[in-house]
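Worksheet: one structure, shown below.
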Amino acid sequence: MGERPRWVASSYSRETDGTCVEVAISADRVQVRDSRQGRVRGRGTDEGAARLTFSAAAWSLFIAHTTAD
């Protein structure tokens, strides 16, 4: 069984209402989820929470495209 993902909140998170996106990065993939879904559906764990999974290459292209001038 693989290691559990380490979720990191976006720097744009709003602390007042918990609205944010979290990412978990590993060597070969990046997972993205709504932090509220992780807390509610996983009941303290990230199991069962909806997430999007991207290859590391696809994520790099996404970041390059969204941060380009």
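The first residue of the sequence shown is numbered 1, and numbering continues consecutively from there. The figures that follow rest on heavy atoms only: side chains count, while hydrogens, waters and symmetry mates do not.
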Same cluster or not: [X] versus [Y], using hydrophobic residues (I, L, V, M, F, W, Y) connected whenever any side-chain heavy atoms lie under 4.5 Å apart?
{"X": "Val21", "Y": "Val8", "answer": "no"}
{"X": "Val30", "Y": "Leu61", "answer": "no"}
{"X": "Val23", "Y": "Phe62", "answer": "yes"}

Which side-chain N or O atoms in residues 52-60 pair as donor and acceptor under 3.5 Å with protein atoms at least two apart or in another chain?
unit_1 : atom_1 : unit_2 : atom_2 : d
Ser55  : OG     : Ala58  : N      : 3.0
Ser60  : OG     : Ala56  : O      : 3.1

Could you point out which residue of Arg51, Arg33, Arg6 forms a side chain to side chain contact (heavy atoms under 4.5 Å, CB included) with Glu22?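 So the option named by the test is Arg33.
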Approximate separation, where rounding is to 0.5 Å, of Ile25 CD1 and Gln31 CD: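 One gets 10.5 Å once the value is rounded to the nearest 0.5 Å.
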By side chain to side chain contact (heavy atoms under 4.5 Å, CB included) - contacts of Ser26 (at least two apart):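 Result, side chain to side chain contact (heavy atoms under 4.5 Å, CB included) vs Ser26: Asp28, Arg29.
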